[in-house]
Number of protein chains: 2
Amino acid sequence: MSAANNKDGKYKYKGIPLTVVKRLPGYQRLLSELAAKEVERVSSRELAAKMKINPSQVRQDLSLFGSFGQQGYGYRVSYLLSEINKILGINAETKMVLVGGGQLGRAVANYRNFAKRGFIIEAIFDRDPRVIGRTIDNRVVRDVQELTAYLQAEPAEIGIICTPASAAQEVADQLVAGGIKGIWNFAPVALKVPETVCLEHVHLGESLMILSFKLKQKQEELFNQKK
Amino acid sequence: MSAANNKDGKYKYKGIPLTVVKRLPGYQRLLSELAAKEVERVSSRELAAKMKINPSQVRQDLSLFGSFGQQGYGYRVSYLLSEINKILGINAETKMVLVGGGQLGRAVANYRNFAKRGFIIEAIFDRDPRVIGRTIDNRVVRDVQELTAYLQAEPAEIGIICTPASAAQEVADQLVAGGIKGIWNFAPVALKVPETVCLEHVHLGESLMILSFKLKQKQEELFNQKK
DNA sequence: TTGAGATTGTTAGATATTTAACAAAGTATG
DNA sequence: CATACTTTGTTAAATATCTAACAATCTCAA
Ligand SMILES: NC(=O)c1ccc[n+]([C@@H]2O[C@H](COP(=O)([O-])OP(=O)(O)OC[C@H]3O[C@@H](n4cnc5c(N)ncnc54)[C@H](O)[C@@H]3O)[C@@H](O)[C@H]2O)c1
Ligand SMILES: NC(=O)c1ccc[n+]([C@@H]2O[C@H](COP(=O)([O-])OP(=O)(O)OC[C@H]3O[C@@H](n4cnc5c(N)ncnc54)[C@H](O)[C@@H]3O)[C@@H](O)[C@H]2O)c1
């Protein structure tokens with residue numbers, strides 16, 4: 001365990017560069033796939049090839065958290081996977097609540113793979129009387145007015161925001177008041193939360209625009225080649 | 001227009017670092033919000049504050065594409081927005097097809113904000129006979145067996161994959177065979193496509209794991225402070 | 001049991017990205 | 001219309017990230 005710490009916490013989470021953090025789930029998925037295929041060992045070279053990065057980077061990323069491999073052998077898949085799961089906080093039964101039982105909220109609530117990894121949606125809230133009382137995957141949708149009180153009685157770690165952007169900040173405030181520790185936000189708006197609360201945005205619209213940009217650039221590239 | 005070009009195209013799209021590309025939609029959204037509020041002018045300092053980045057970075061990002069501001073004044077919101085829209089390929093009527101009319105596919109198909117920006121889902125495909133023939137937001141779901149033939153008759157630029165991971169590669173191949181130029185993939189799997197096709201992955205599960213990691217780190221941080 | 005071959009963890013060097021600094025050129029105000 | 005102020009675009013310096021290199025050390029086949 002080495003990890004050079006930096007004075008400003010800007011891009012770092014406790015000495016881990018955000019660029020590294022973003023690769024961790026990729027390693028997790030690859031290792032899960034290998035484990036499912038009952039592959040026993042894997043080298044940094046193989047992992048790197050699948051991630052389309054450099055083998056050095058794999059070794060350096062992992063070395064920030066510890067020494068999980070063996071010279072001349074590589075990494076034992078099951079061991080490395082369990083270590084990465086620990087690092088990511090997977091399989092630790094993380095309780096969540098979801099706010100906004102619309103199109104996207106329902107898709108997220110019905111998705112089984114999150115629960116499979118220990119991320120459980122305990123309750124769902126909405127504002128619309130037509131939605132409140134309906135059942136989504138065995139959970140009755142509650143009135144968002146009860147949100148803060150519910151959380152005080154039944155604490156959860158993560159709040160998922162699937163409301164329109166206009167309501168997102170208000171919902172975030174209620175989640176924070178209820179003692180939530182992290183917010184997973186699908187609304188296209190920058191939220192303000194206290195420093196103690198972690199934020200993760202899902203930018204679907206932005207992702208589509210990035211694809212659009214790449215397309216335009218590629219077109220131009222091909223056009224220029226023809227000349 | 002300056003743009004220092006680099007020999008390897010690895011992280012670059014025609015000389016534009018991917019880190020910059022990822023910030024462009026953020027600028028777009030901020031400028032849209034300002035335009036909606038009828039704000040006339042904005043400085044790099046103001047934009048930077050909202051994006052939580054450095055003003056120098058804003059100016060440098062924009063300068064890769066041209067000179068859009070005025071000394072002593074800043075940027076005219078409407079002009080900069082229209083330039084960024086051009087850069088991103090927004091409002092150019094981009095045709096798309098969606099494959100997989102399940103939970104997530106329906107949410108995406110029903111979402112109006114994409115069409116509002118010129119990204120139109122022309123057709124929807126599925127494999128399940130119970131889904132085929134149903135209507136999603138005025139579009140009848142077609143049989144995925146017709147996908148490639150449909151595209152040859154009705155070309156589209158972007159294919160959206162909302163099928164399970166196990167079917168995603170097969171669907172991608174069909175989209176490519178139909179002449180699609182870019183793929184927006186929601187399935188948690190790395191797709192293989194020809195070099196001429198652009199790829200953009202949406203990693204919902206990975207995003208949740210990143211939040212989980214941040215939470216764990218923050219907990220440890222707070223714990224260490226108490227000591 | 002030995003020795004050739006493999007692969008890690010780590011340090012140092014190469015690249016890329018971000019930030020600072022500032023001349024140039026405009027604005028705005030009296 | 002002069003002048004103090006603002007803010008851009010750009011160049012250069014500071015940081016951060018990625019890649020190469022290699023000693024240390026384990027594997028595995030003979
Ligand atoms: N559907 C998509 O594909 C998509 C894509 C990109 C972004 N998003 C974003 O995700 C969010 C949800 O999108 P959607 O398509 O599910 O919208 P939706 O309209 O289907 O659902 C929103 C739900 O939030 C509820 N709601 C509104 N105000 C609330 C409040 N104050 N408290 C609790 N519930 C409230 C509504 O009653 C509704 O049920 C939006 O912010 C949207 O911009 C969605
Ligand atoms: N729902 C979520 O919140 C969520 C979150 C993260 C990732 N994802 C991913 O998004 C994808 C879709 O998720 P979902 O929840 O909508 O699943 P879903 O099961 O509700 O929908 C999948 C749809 O794809 C169709 N399909 C299957 N094979 C097909 C094929 N070969 N051609 C055309 N259609 C086919 C199915 O009939 C079904 O209608 C999955 O890969 C999932 O892992 C979803």
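Residue numbers start from 1 in every chain, and the chains themselves are labelled A, B, ... in the order their sequence lines are given, proteins ahead of strands.
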Exercise for the section: Show your reasoning for whether side-chain contact (heavy atoms from CB on, under 4.5 Å) applies to A/E200 and B/L208. Expected result: CA-CA 8 Å; A/E200 177 73 13; B/L208 180 56; over 6 Å; no
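Distances shorter than 4.0 Å separate some side-chain N or O of A/R23 from OP1 or OP2 on D/dC18. Dashed line: the shortest gap from a side-chain N or O of B/S56 to OP1 or OP2 of C/dA20 is not under 4.0 Å. Contact annotation: B/T19 reaches the phosphate of C/dT18 (side-chain N/O to OP1 or OP2, under 4.0 Å). An OP1 or OP2 oxygen of D/dT6 is reached within less than 4.0 angstrom by no side-chain nitrogen or oxygen of B/Y75.
Protein atom CG of B/N54 is 14 Å distant from nucleotide atom C1' of D/dG9, rounded to whole Å. Rounded to an integer number of Å, the gap from A/R45 CZ to C/dA6 C1' is 9 Å. One can place CZ of A/F65 at 14 Å from P of C/dT10, the figure rounded to the nearest angstrom. Straight-line distance from the CD atom of B/Q57 to the P atom of D/dT10: 17 Å, rounded to whole Å. Spacing between atom CD1 of A/I53 and atom C1' of D/dC18 amounts to 10 Å, rounded to whole angstrom units. Whole-Å rounding puts the B/L62 CG to D/dG9 P distance at 7 Å. Rounding to whole angstrom units, CG of residue B/L18 and P of D/dT17 are separated by 15 Å. Here C/dG9 presents its P atom at 12 Å from CD of A/E83, a figure rounded to the nearest Å.
The ring pair (Phe, Tyr, Trp, His ring centres under 6.0 Å) test applied to B/F125 returns B/Y150, not counting sequence neighbours.
Although no hydrogens or angles enter the test, the distance criterion places no donor-acceptor pair under 3.5 Å between the side chain of B/D61 and the main chain of B/F65. Between the side chain of A/K216 and the backbone N or O of B/K86, at least one donor-acceptor pair lies under 3.5 Å.
Evaluation of the ring pair (Phe, Tyr, Trp, His ring centres under 6.0 Å) test over residues 167-196 of chain A, restricted to residues two or more places apart or in two chains, returns A/F114-A/W184, A/W184-A/F186.
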Exercise for the section: Quick one, give me the B/S/- string for nucleotides 22-30 of chain C, reading 5' to 3', where B means a protein heavy atom under 4.0 Å from the base and S means that only happens at the primed atoms, P, OP1 or OP2. Expected result: --BBSSS--
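When distances run from any side-chain atom of A/S43 to the nucleotides D/dT7, C/dT17, C/dT8, the shortest one goes to C/dT8.
Taking only distance into account, the side chain of A/Q60 meets the base of D/dT19 through a donor-acceptor pair shorter than 3.5 Å.
A donor-acceptor contact under 3.5 angstrom links the side chains of B/S43 and B/E46, judged on distance only.
One finds no salt bridge joining A/K37 and A/E33 here, because no Lys/Arg side-chain nitrogen approaches an Asp/Glu carboxylate oxygen to under 4.0 Å.
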